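The structure appears right after this line, and notes come after that.
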Amino acid sequence: MGDVLSSLNPMQRQAVLHGEGPLLIFAGAGSGKTRTLAHRVAHLIGARDVAPSRILAVTFTNKAAGELRERVQRLIGSGDAPWVSTFHAACVRILRREIGSLGFSASFAIYDDQDSERLLKECLRELDIAEQTLTPRAAAAVIDAAKNRGISVATFDRSTPAGERAARVYTLYQEKLRRANALDFGDLLLWTVLLFREHPAVLGRYQDRFQHILVDEYQDTNRVQYQLTNVLAARHRNLCVVGDDDQSIYRWRGAEIGNILDFERDYPDAVVIRLEQNYRSTGIILEAAGAVVAQNARRKGKALWTDNPRGEPITVAQVDDDLEEARYVAAEIGRLVRQGHRLRDIAVFYRTNAQSRGFEEALVRHRLPYVIIGGVKFFARAEVKDVLAYLRLLVNPADSLAARRIINVPARGIGTTTVERIAAFEEDAGGFLAACRLALARDALKSVAAERVRGFVELLDGFGRALDTEPYPQLAARIVADTGYATLLREDPSEVARDRIQNIEELLNGMQQHATGGGTLQDYLEQVALVTDVDSYDGQADRVTLMTLHAAKGLEFPVVFMTAMEEGLFPHARVDEEDIEEERRLCYVGMTRAMQQLYLTHARRRRVFGDVHANQRSRFLDEVPRTLVREIGNPARRWELARRQTELFAAHADASSREVRVEYDTEDGLRVGTRVRHATFGVGLVQQLEGSGDGRKATVLFQSVGRKKLVLKFAGLQPA
DNA sequence: GGTGGTATGCTTTTT
DNA sequence: GCATACCACC
């Protein structure tokens, strides 16, 4: 263990060695956070004799959980592993065991966003709420936001007409979920909180059990996650949270940055450790990113530093339009590759998924292989969801949404009329599939329709029997064959159909792999419900990576291109001034992904939804100290740049000099607002003057290094 | 029930 | 500008 510890820096070591009691770790970008967490967990097990089963470590992504689990395993060798999982997976694990007391059965299904919206559409129709009043998507957003804040149907605010309407939708939606024995993503967390609240004995068991709780990315926890961790940690109070307020980028998903900012208020005895040494980026990249995020007011503020070389200046490239931007990026990537970089070392970031297209086209033209993370998700594809719906229905026959999805897929002549006739029995029967049986038993369908529905029910019954006798991947393959899905696609010569066949094959392969590892069908469905595309990013294939800035969090690349750095795109036009700080944090996250080289590109004109826009360069570009930048592009624009940066600078200086009460002309000619030049720091603006004679000092805001207090006698300031 | 036309709407989306 | 979603029609 001593050896292992010696590989840590003093702050990391302190975080690892901390014993009992609350611990807050501010971990700056690239400061070795995962490493520290892994060592801490291993230390608790190896040196403090904490049983692995009594440790709970929570992350936000499966990928992060996997990495942490693997590193811990490497450190502790074989033997029991602690719980390392996402919030959602941890809740599923608890709920599979305990959900009986909430009136669900343990085989509950997990609905993704798409499922939720479909179900909400049904709700809105039943409640006679026109889509113009409330779209399924908007309803989903309202309900999800409520769940994130721990608000159940019982506590939902009905005081306004819109609130009353939303409450009715929420109520019906929850009823439908319950009848379908299903939980959506928000439910996984909220039901767990409610379980603990209503069943103190159950809570007590878990409180006892989890002697140590560690939470990663604490800055992105929402209120329910906050409640969950804090209530679970209430007994032992060994709560270790790790995060970086500057990397909080999910406010719009309910994340509350206050959770991390107020940790010391929640736990006055908390030990606070700052990991401020960055091992990832060059000095220049770090300084530039730091200067940008320093513009934010609501932050703890930290001083990241690095022993790494200063590195090359940041390239800011101005291009004429979006096409040229894509061309420039592709050409530059080609050049980097010829210089010896590998494609997998290079990433292209953009603000919205829709922006990937141009880069794809340009990369194809340059014959540069790439991979896109995000966009349309594999498990959200229609054909994949269709096949999964069959399996879901077998595991959880109450899943009416799944039943409705596949009753006529592939087409077997059961139309909307028949479906609606069956739906009339849904309530009595308790689910759509049961309603099919009931409708048949009551002879409620026309003869042709009845035949077809009977065929569907018998088909499913056959699959149901096979479920007990054959491995589920085989069953899945049989479903694809016996339903006629395979034939349908094979007879279709189109490219779309070919893609779909490939996707289904990939799906079946994935199942095979999972089953070989000993997983059951229920495990598989659960895992599939909780994975994302970013999780599957392996970084091994030699390809350029394209992704949104959000998807990039937690990753690093030797070379990073941040594109479309323009007002309206980034920061995005949809964010109001209040959320600008979050956009800026997103910028910070993007910049700090870069290890060696960082490119920031912006176009003078760009096509957005078909119209040409002339966007101003992003304010974030102007917040990067010019001394760290190499500008490429139209030289005439450099004057514009210089002018804008001076303006920004003056505005900033103005704002911060407001506290100064009186300005006198002075014998040295300096006053607040004077532009001065310093031999090392370059140009700056005088913000404050104090003292006289040899002790006279000036506070100067420099473009390059920010604010400095200088003794005039030694500073050698020149007018500029 | 499948095809083709037009309407629609488009930030980010850890799970 | 483009993909999807829904409706009308065959």
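Predicted, not measured: the structure shown is a model, and the values here were computed from it. Chain letters run A, B, ... following the sequence lines, proteins first and then strands; every chain starts at 1.
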Consider the side chain of [X], meaning its heavy atoms from C-beta on, and name the nucleotide among [options] that approaches it most closely.
X: A:T61; options: B:dC10, B:dT14, C:dA3; value: B:dT14
X: A:N408; options: B:dT14, B:dG1, B:dT12; value: B:dG1
X: A:R253; options: C:dG1, B:dT14, B:dT12; value: B:dT14
X: A:F609; options: B:dT13, B:dT12, B:dC10; value: B:dC10
X: A:T548; options: B:dT14, B:dT12, C:dG1; value: B:dT12
X: A:R607; options: C:dG1, B:dG2, B:dT14; value: C:dG1
X: A:R357; options: B:dT14, C:dG1, C:dA3; value: C:dA3

Parallel, tilted or perpendicular: rings of A:F570 and A:F620 (30°, 60°): perpendicular

Aromatic ring of A:W252 stacked on base six-ring of B:dT13, 5.5 Å, 30°: no

pi-stack flag for A:Y250 and B:dT13, centroid dist under 5.5 Å, interplanar under 30°: no

Gap between atoms [atom1] and [atom2], on [X] and [N] respectively (whole Å):
X: A:Q527; N: B:dT14; atom1: CD; atom2: C1'; value: 16 Å
X: A:K385; N: C:dT4; atom1: NZ; atom2: P; value: 15 Å
X: A:F87; N: B:dT13; atom1: CZ; atom2: C1'; value: 17 Å
X: A:Y350; N: B:dT13; atom1: OH; atom2: C1'; value: 14 Å
X: A:L530; N: B:dT13; atom1: CG; atom2: C1'; value: 15 Å
X: A:E582; N: B:dT13; atom1: CD; atom2: P; value: 13 Å
X: A:E383; N: C:dT4; atom1: CD; atom2: C1'; value: 15 Å
X: A:H550; N: B:dT14; atom1: NE2; atom2: C1'; value: 10 Å

Need one value for [X]: base, sugar-phosphate or nothing, where a base atom within 4.0 Å counts as base even if backbone is also close, heavy atoms only.
X: A:L183; value: nothing
X: A:G186; value: nothing
X: A:V575; value: base

Residue mapping more 5' on DNA chain B - nearest nucleotide basis, A:E583 or A:P410: A:P410

Along DNA chain B (nearest heavy atom to each residue), the more 5'-positioned of A:R137 and A:V531: A:R137

SB check A:D144 A:R253 (cutoff 4.0 Å): yes

Counterpart residues, ring pair (Phe, Tyr, Trp, His ring centres under 6.0 Å), relative to A:F349 (two or more places apart): none

Pairwise P distance, C:dA5 and B:dT12 [rounded to whole Å]: 16 Å

Any side-chain heavy-atom pair of A:V496 and A:R500 under 4.5 Å: yes

Flag, side chain of A:S356 to backbone of A:N353, donor-acceptor distance under 3.5 Å: yes

Distance test, side-chain N/O of A:N353 to OP1/OP2 of B:dT13, below 4.0 Å: yes

Given A:R299, A:R584, A:R585, the one that forms salt bridge (charged side-chain N to carboxylate O under 4.0 Å, His left out) with A:D246: A:R299

